[in-house]
Amino acid sequence: MSCCDDPTEISKVDPRELVREQQHYGNLVRDLFTDDPEKVLLKLLNESNAYLRELAALRAHYPSVRLRAIELLDKKSQAVLEQLIEQEPDSSFGIAAKQRIEQLSNETGLFGKLFKS
């Protein structure tokens, strides 16, 4: 935003970006109608942000999507992993969340790997 932009004025959309988003939406709808929805969701999960991954870990319909979402969560999502453990301690999701927390606690950063004694 430059110094002279009016915040009350509707921002202009680049027509190329609009066409790209329309194609993406069309492809998504086509895939949902013609392909296995579970596969489509798994593919989208890899491209999604942390919030959507957390939501999928907690509430996705397909167990494979929930488990994959748990695998993709990082340290910032530890509260969600703990919530899963608390809500479903003996389920496959609770167990996967416990394992993910263990993995995250065992992971060291680049410096930890370089200077490991």
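Partners of Asp14 under the side chain to side chain donor-acceptor pair (under 3.5 Å) rule, at least two apart in sequence or in another chain, are Arg16. Evaluation of the side chain to side chain contact (heavy atoms under 4.5 Å, CB included) rule for Leu18 yields Val13, Gln22 as partners, not counting sequence neighbours.
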Listing, residues 55-63 side-chain donor-acceptor contacts under 3.5 Å, not counting sequence neighbours, or none:
none

Output side-chain donor-acceptor pairs under 3.5 Å for residues 33-42, partner residues at least two apart or in another chain, one line each.
residue	atom	partner	partner atom	Å
Thr34	OG1	Arg30	O	2.7
Asp36	OD1	Glu38	N	3.3
Glu38	OE2	Ser64	OG	2.2

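The only option from Leu72, Ile70, Val65 that meets the side chain to side chain contact (heavy atoms under 4.5 Å, CB included) definition with Arg68 turns out to be Leu72.
For the salt bridge (charged side-chain N to carboxylate O under 4.0 Å, His left out) condition, the pairs that include at least one residue of residues 76-103, sequence neighbours left out, are Arg66-Glu88, Arg100-Glu107. Sorted by first and then second residue, the salt bridge (charged side-chain N to carboxylate O under 4.0 Å, His left out) pairs with a member in residues 45-58 form an empty list; sequence neighbours excluded.
Scanning all heavy atoms of the two residues, the minimum distance from Leu45 to Ala69 falls at CD2-N, 3.4 Å. Taking all atoms of both residues into account, the shortest heavy-atom contact from Leu84 to Ala97 is CB-CB, 4.0 Å.
Annotation: side chain of Leu104 is in contact with side chain of Leu81 (closest heavy-atom distance under 4.5 Å).
Atom OG of residue Ser77 and atom CD of residue Gln83 lie 11.5 Å apart, to the nearest 0.5 angstrom.
The cluster map of Ile, Leu, Val, Met, Phe, Trp and Tyr, joined by side-chain heavy atoms under 4.5 Å apart, puts Ile95 and Ile85 in different clusters.
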